[in-house]
Undergrad: 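Got a structure for you, written out below as structure tokens; questions coming shortly.
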Amino acid sequence: MTTVHKAQINAEHVVMRFNDKVLFSFAKLTFAQGDVIYLQGDNGTGKSTLMKLLAGLIHAPEGKFSHQGFEKAAWWRKDGMLGKALYLHQHPYLFDGSVEYNLKFAANQSKLDQSALTERIDQAIEMAQLKHLLTRNASDLSGGERQRLAMARAWIVQPKLLMLDEPISNMDKPSQRLVLAMINQLKDDGTGLLISSHQTCGLTALCQKHWHIAKQQITVSDHVPSFSTQQPINSTGLNYVSAN
Ligand SMILES: Nc1ncnc2c1ncn2[C@@H]1O[C@H](COP(=O)(O)OP(=O)(O)OP(=O)(O)O)[C@@H](O)[C@H]1O
């Protein structure tokens, strides 16, 4: 009988530097399906850099990265970190083409059969309220609309691990609520989430673990600090209080 591991990525004894200056170092981090982690740190402490490292988009000069529980890469591909955890940039990269094209392109990465996939795309359009924007060129969208589209694409793909870099930073409150609902559903369906945010709101209330970057170190805790102004996920109020 084969043992099925939850998908996870591990990073050990990592030192990250730019131009010989240490940004951060840590002994061990594990990010697995089922985790919902709040990544906190002041501006410039390295939150985006850490996510890019875990996504395999950049490399650390020191450290060991590994993964388990993912399908084996095709024989002609290097079985590295790239493509294991999906990274959603705070200014998401979108393809040149319509909103609809962007959604359908994302669907290529899904394992669902055609009818289930069509249903999921329709649901994503509904949840992210993109119907009236479907024929619009993605490059013409506002910052908040781009983030909603990027979130809808990730929701369609339903990755095992997803890293969200300031996912609601450009959004008004109604958009924030839409995106929160999508993130919450991904969580319920078992996607592991690593979320950075400067806002203490429904987003941080979802998290069960806490990674904190300060003084070039990353500390890990199973306890997410409770911010006195934090609101529950279904709350209509969102707070704009510095989380740092
Ligand atoms: N390719 C690079 N070369 C040199 N320095 C870089 C590079 N990428 C990032 N940095 C620097 O590393 C530091 C951390 O950047 P990063 O974007 O990871 O921070 P952050 O915690 O996500 O910040 P913010 O909260 O403002 O988004 C910054 O000082 C940034 O200028």
Side-chain angles (χ1 to χ4, degrees), residues 9-31 35-65 80-94 141-151 154 159 161-172 175-176 179-180 183 192-207 209-221 224-225 227 229-230 238-244:
I9 53 183
N10 303 296
E12 290 174 84
H13 307 299
V14 172
V15 181
M16 186 59 200
R17 282 189 287 267
F18 285 120
N19 308 321
D20 291 335
K21 190 169 175 289
V22 173
L23 182 61
F24 55 70
S25 64
F26 57 86
K28 182 166 186 187
L29 291 177
T30 296
F31 174 33
D35 285 340
V36 187
I37 304 166
Y38 173 37
L39 174 60
Q40 187 185 11
D42 287 346
N43 288 131
T45 47
K47 299 178 298 298
S48 303
T49 301
L50 176 64
M51 287 183 169
K52 287 176 198 169
L53 282 174
L54 296 175
L57 297 169
I58 57 172
H59 301 285
E62 286 178 45
K64 183 172 166 249
F65 290 78
M81 300 299 289
L82 201 60
K84 301 299 182 293
L86 191 71
Y87 171 61
L88 220 80
H89 196 275
Q90 52 185 311
H91 304 291
Y93 173 78
L94 301 171
L141 298 180
S142 70
E145 288 168 344
R146 291 174 72 86
Q147 281 184 304
R148 249 161 54 214
L149 172 56
M151 191 64 229
L161 300 176
L162 175 63
M163 296 183 281
L164 300 166
D165 199 346
E166 294 283 346
I168 57 172
S169 57
N170 291 317
M171 290 182 179
D172 55 22
S175 287
Q176 291 189 3
V179 164
L180 274 173
I183 294 173
L193 295 158
L194 176 62
I195 303 169
S196 81
S197 176
H198 287 289
Q199 294 152 355
T200 58
C201 57
L203 204 55
T204 45
L206 280 178
C207 299
K209 292 186 181 181
H210 184 217
W211 291 0
H212 190 193
I213 313 183
K215 297 182 184 149
Q216 284 121 23
Q217 299 289 318
I218 304 182
T219 49
V220 172
S221 160
V224 182
F227 304 96
T229 45
Q230 195 158 289
L238 291 154
N239 302 305
Y240 294 83
V241 176
S242 169
N244 298 311

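Counting starts at 1 for both ligands and their atoms, in listed order. Keep in mind it's a predicted model, so treat the numbers as computed, not measured.
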Undergrad: For atom 17 (O) of ligand 1, what is the nearest protein heavy atom, given as residue, atom name and distance?
TA: S48 CB, 3.7 Å
Undergrad: How close does the nearest protein non-hydrogen atom get to atom 1 (N) of ligand 1, and which residue and atom is it?
TA: F18 CE2, 3.6 Å
Undergrad: How are the rings of W211 and F31 set relative to one another: parallel (under 30°), tilted (30 to 60°) or perpendicular (over 60°)?
TA: perpendicular
Undergrad: Can you tell me how far CG of D165 sits from NZ of K52, rounded to the nearest 0.5 angstrom?
TA: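 Spacing of NZ (K52) from CG (D165) equals 7.5 Å.
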Undergrad: Is a donor on one side and an acceptor on the other found under 3.5 Å between the side chain of T30 and the backbone of N10?
TA: no
Undergrad: Using a 4.0 Å heavy-atom threshold (strictly under), name the region of Q90 that reaches ligand 1: side chain, backbone, both or neither.
TA: side chain
Undergrad: Counting from 1, what ligand 1 atoms have a heavy atom of D42 closer than 4.0 Å?
TA: 21 (O)
Undergrad: So is M51 in contact with ligand 1, going by heavy-atom distances below 4.0 Å?
TA: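 So M51 does not count as touching ligand 1.
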Undergrad: Please indicate, with yes or no, if any protein heavy atom is found under 4.0 Å from atom 31 (O) of ligand 1?
TA: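 No.
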Undergrad: Is the backbone of E166 close enough, under 3.5 Å, to the side chain of Q147 for a donor and an acceptor to pair up by distance?
TA: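 Judged by distance alone, yes, a pair lies under 3.5 Å.
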Undergrad: Measuring only between side-chain heavy atoms, which start at C-beta, is H210 closer than 4.5 Å to P225?
TA: yes
Undergrad: Give a yes/no on ligand 1: does G46 have at least one heavy atom closer than 4.0 angstrom to it?
TA: yes
Undergrad: So which protein heavy atom does atom 25 (O) of ligand 1 come closest to, and at what separation?
TA: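 Heavy-atom neighbour on the protein nearest atom 25 (O) of ligand 1: K47 NZ, 2.6 Å.
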Undergrad: List the closest protein heavy-atom neighbour of atom 26 (O) of ligand 1: residue, atom name, distance to the nearest 0.1 Å.
TA: N43 ND2, 2.9 Å
Undergrad: Is atom 9 (C) of ligand 1 touching the protein, meaning some protein heavy atom lies under 4.0 Å away?
TA: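 There is a protein heavy atom less than 4.0 Å from atom 9 (C) of ligand 1.
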Undergrad: Record the part of I58 in heavy-atom contact with ligand 1 below 4.0 Å; permitted values are side chain, backbone, both and neither.
TA: neither
Undergrad: Identify, for atom 29 (O) of ligand 1, the protein heavy atom at the shortest distance, and state residue, atom and that distance.
TA: G44 O, 4.1 Å
Undergrad: Check if I213 has a non-hydrogen atom at a distance under 4.0 Å from any atom of ligand 1.
TA: no
Undergrad: So is there a nitrogen or oxygen of L23 less than 3.5 Å from a nitrogen or oxygen in ligand 1?
TA: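 No; every N/O pair is 3.5 Å or more apart.
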Undergrad: Within the 4.5 Å heavy-atom criterion, are V220 and F26 side-chain neighbours or not?
TA: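 Of all side-chain heavy-atom pairs linking F26 with V220, none is under 4.5 Å.
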Undergrad: Whether the side chain of Y38 engages the backbone of S197 through a donor-acceptor N/O pair (distance < 3.5 Å, no angle test) should be reported.
TA: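 Side chain of Y38 to backbone of S197: a pair is present.
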Undergrad: Do the side chains of L39 and M163 get nearer than 4.5 Å, heavy atoms only?
TA: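 Sidechains of L39 and M163: no contact.
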Undergrad: For the residue pair H91 and H89, categorise the inter-ring angle as parallel (less than 30°), tilted (30 to 60°) or perpendicular (more than 60°).
TA: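 H91 and H89: tilted rings.
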Undergrad: To the nearest 0.5 Å, how far apart are CG in L162 and CE in M151?
TA: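 The distance works out to 5.5 Å.
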Undergrad: Does any N/O atom on G41 come nearer than 3.5 Å to any N/O atom on ligand 1?
TA: no
Undergrad: At what distance is the nearest protein heavy atom to atom 18 (O) of ligand 1, and which residue and atom is it?
TA: T49 OG1, 2.6 Å
Undergrad: Consider every N or O of N19 and every N or O of ligand 1, then say whether any pair is closer than 3.5 Å.
TA: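 Such a contact does not occur with ligand 1.
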Undergrad: List ligand 1 atoms under 4.0 Å from H198, heavy atoms only on the residue side.
TA: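 Those qualifying, in numeric order: 25 (O).
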Undergrad: How long is the gap from CG on D42 to NZ on K47, to the nearest 0.5 Å?
TA: 7.0 Å
